[in-house]
Amino acid sequence: MFSASNHSSISEFLLLGFSSDSTSNRILFIIFLLLYLCSVLGNGLIILLISLDSHLHTPMYFFLSVLSLLDMGYVTTTVPQMLVHLLSSSKLISFGGCWLQMYVFGALGLSECIIFVVMAYDRYVAICFPLRYTLILNWDLCVRLVLGTCTCGFFFSLPHTYFTMSLPFCGPNMVNHYFCEGPSVRSLACMDTHLIEVVDFVISIFMVLVPLSLILASYVRITMSILKIKSTQGRFKAFSTCASHLTVVTLFYGPAIYIYMRPNSNYSPERDKQISLFYNVFTALFNPVVYSLRNKDIKAAFIKVVVRNRIA
């Protein structure tokens, strides 16, 4: 494998972003700043409500708070730098900074892939084994599932980042993206990247397709159990608890599979930049909206906190 320090003549990359027009960039800055603030505030509010309301101290909301925390980190890895570049004449990022951004972005993204599986397992146990829910999903298991999720994410992101950034980069150094995403940086390498594509594909199978298959298998079992419920109201309530999770899974997995599981020959910079916004920016924004609008417990916790502050 090539060593980046010995074979790369590039010490920094130029992130081209979305536009070179200053007026367009100012408009984009306002739009993405609002999206970022809404994402961080929305996810932060969910974490705060879950921590303050004892009625929400259950495995389902514990996993939801972990998802919100991952979303906050996920969007913070890329958007603040993009906002700076939209207003700055310099759009450079150091080689080490690109390395770190790619690694953390991949680690949080892979962790989110797995936390969706954990959340699907939570719904499976709650609907298929309601009387044993708290016995099966005890707090010790919940903590171990979250720690295992983060460990896998940060571990499997390392080979993807290492192999990509160890490629020889001889110039040009212009990355046609708003952050250092693997396929975009890899397209600048001055050697055949087929082996790296194979490594990425194998990682994607284990960290994207396998989790997605487990999610689908869980919902097949969940659907079979729901259909056995005689009450129409009971079936509707059971389906509604799963709808939010299925919505965010679709928004996250669809674009991610397209970006990371297609051959490099189909690489399209402009299209990839737009698609990456869905699983990077918009998913972090939609998650708190989807879960709060469809969840009576979250709404009740919010009202309780507002009323408590007014009385105080």
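Starting from 1, each residue takes its place in the sequence as its number.
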Closest non-hydrogen atom pair between Y124 and S218, with its separation: CD1-O, 4.3 Å
Where the side chain of N43 meets the backbone of A284, is there a donor-acceptor pair that is under 3.5 Å apart? yes
Minimal non-hydrogen separation, I114 against C152, with atom names: CD1-CB, 3.4 Å
Step by step, would you call M60 with M119 a side chain to side chain contact (heavy atoms under 4.5 Å, CB included)? CA-CA 7 Å; M60 181 178 79; M119 295 174 76; over 6 Å; no
Run the side chain to side chain contact (heavy atoms under 4.5 Å, CB included) check on T164 and W99 step by step: do they pass? CA-CA 9 Å; T164 298; W99 211 110; over 6 Å; no
Residue pairs meeting disulfide (SG to SG under 2.5 Å), one or both in residues 49-90, sequence neighbours left out, come to none
Worked verdict on I47 versus M72 for side chain to side chain contact (heavy atoms under 4.5 Å, CB included): CA-CA 11 Å; I47 295 172; M72 290 173 66; 3.8 Å; yes
Quick check: closest heavy atoms across S68 and I46, and the distance to 0.1 Å? OG-CG2, 3.5 Å
Listed once per pair and sorted, the ring-ring contact (aromatic ring centres under 6.0 Å, His included) pairs that draw on residues 22-53, sequence neighbours left out: F18-F32
Taking the side chain as every heavy atom from C-beta outward, state whether E12 and I93 have any pair of such atoms under 4.5 Å apart. no
Given side chains that start at C-beta, do those of D122 and Y133 come closer than 4.5 Å, heavy atoms only? yes
Tell me which one of I50, V118, V146 satisfies side-chain contact (heavy atoms from CB on, under 4.5 Å) with F62. V146
Is there side-chain contact between V208 and L212, with heavy atoms separated by less than 4.5 Å? no
4.5 Å side-chain heavy-atom contact, E181 and M102: no
Using the test salt bridge (Lys or Arg N to Asp or Glu O under 4.0 Å), find all partners of D140 that sit at least two apart in sequence or belong to another chain. R144
Are any non-hydrogen side-chain atoms of V117 and V210 less than 4.5 angstrom apart? no
Pairs touching residues 45-110 that satisfy disulfide (SG to SG under 2.5 Å), sequence neighbours left out: C98-C180
Are I205 and F116 linked, directly or through intermediate hydrophobic residues, by side-chain heavy-atom contacts shorter than 4.5 Å (ILVMFWY only)? yes
Assess whether atom NE2 of H57 is packed by more than 12 heavy atoms of other residues, nucleotides or ligands within 6.0 Å. yes
What pairs of residues pass the disulfide (SG to SG under 2.5 Å) test when at least one of them lies in residues 16-76, not counting sequence neighbours? none
Does the side chain of Y61 come under 3.5 Å of the side chain of D53 through a donor N or O and an acceptor N or O? no
Considering non-hydrogen atoms only, spot the tightest contact between G17 and N176 and give its length. O-OD1, 4.3 Å
Is it the case that the ring center of F179 lies less than 6.0 angstrom away from the ring center of H177? yes
Rounded to the nearest 0.5 Å, how far does OH of Y178 lie from CG of L83? 11.0 Å
Any side-chain to backbone donor/acceptor pair from S51 onto L48? Under 3.5 Å, distance only. yes
Answer with yes or no whether the hydrophobic clustering places L37 together with V79; edges join I, L, V, M, F, W, Y residues whose side-chain heavy atoms lie under 4.5 Å apart. yes
Of the non-hydrogen atoms in W139 and P59, which two are nearest, and what is the gap between them? CH2-N, 4.0 Å
Got a sec, which residues hit salt bridge (Lys or Arg N to Asp or Glu O under 4.0 Å) with K91, two or more places apart in sequence or on another chain? none
Hits for side-chain hydrogen bond (donor to acceptor under 3.5 Å, both in side chains) against Y74, two or more places apart or cross-chain, chain-then-number order -> none
Scanning both residues in full, the closest heavy-atom pair of P168 with M191 reads CD-SD, 3.3 Å
In this structure, OG1 of T134 is separated from CZ of F129 (nearest 0.5 Å) by 14.0 Å
Is the closest side-chain heavy-atom distance between N173 and F95 below 4.5 Å? no
Would you say that F63 contacts L145 through its side chain, given a criterion of any heavy-atom pair below 4.5 Å between the two side chains? yes
Is any side-chain heavy atom of L87 closer than 4.5 Å to a side-chain heavy atom of N25? no
Donor-acceptor pairs under 3.5 angstrom involving side-chain atoms of residues 221-229: please list them, not counting sequence neighbours.
| unit_1 | atom_1 | unit_2 | atom_2 | d |
| --- | --- | --- | --- | --- |
| T223 | OG1 | Y219 | O | 2.6 |
| S225 | OG | R221 | O | 3.2 |

What residues join M174 in its hydrophobic cluster, counting side-chain heavy atom gaps under 4.5 Å, either direct or through other members? L14, L16, L92
Angle between ring planes, F286 versus F282, binned at 30° and 60°: parallel, tilted or perpendicular? parallel
With I115 as reference, evaluate D71, V66, L64 under the side-chain contact (heavy atoms from CB on, under 4.5 Å) test and give the passing residue. V66
F169 ring center near F13 ring center (under 6.0 Å): yes
Kindly compute the distance separating CD1 (I298) from CG (L45), expressed to the nearest 0.5 Å. 8.5 Å
Would you please name every residue forming a side-chain contact (heavy atoms from CB on, under 4.5 Å) with S24, sequence neighbours left out? S19, D21
Quick check on the hydrophobic clustering: are F163 and F155 connected, directly or via other members, by side-chain heavy-atom contacts under 4.5 Å? yes
May I ask you to decide if G153's main-chain N or O and S157's side chain share a donor-acceptor pair within less than 3.5 Å? no
Please tabulate, for side-chain N and O atoms in residues 104-113, each donor-acceptor pair with protein atoms closer than 3.5 Å (sequence neighbours left out).
| unit_1 | atom_1 | unit_2 | atom_2 | d |
| --- | --- | --- | --- | --- |
| S111 | OG | A107 | O | 2.8 |

So side-chain hydrogen bond (donor to acceptor under 3.5 Å, both in side chains) across residues 78-90, not counting sequence neighbours, yields T78-N280, Q81-Q101
Please determine whether residues L33 and V84 belong to a single hydrophobic cluster, defined as Ile, Leu, Val, Met, Phe, Trp and Tyr linked transitively by side-chain heavy-atom distances below 4.5 Å. no
Check the pair F154, Y103 against side chain to side chain contact (heavy atoms under 4.5 Å, CB included), reporting the backbone distance first and the verdict last. CA-CA 8 Å; F154 280 84; Y103 173 67; 3.6 Å; yes
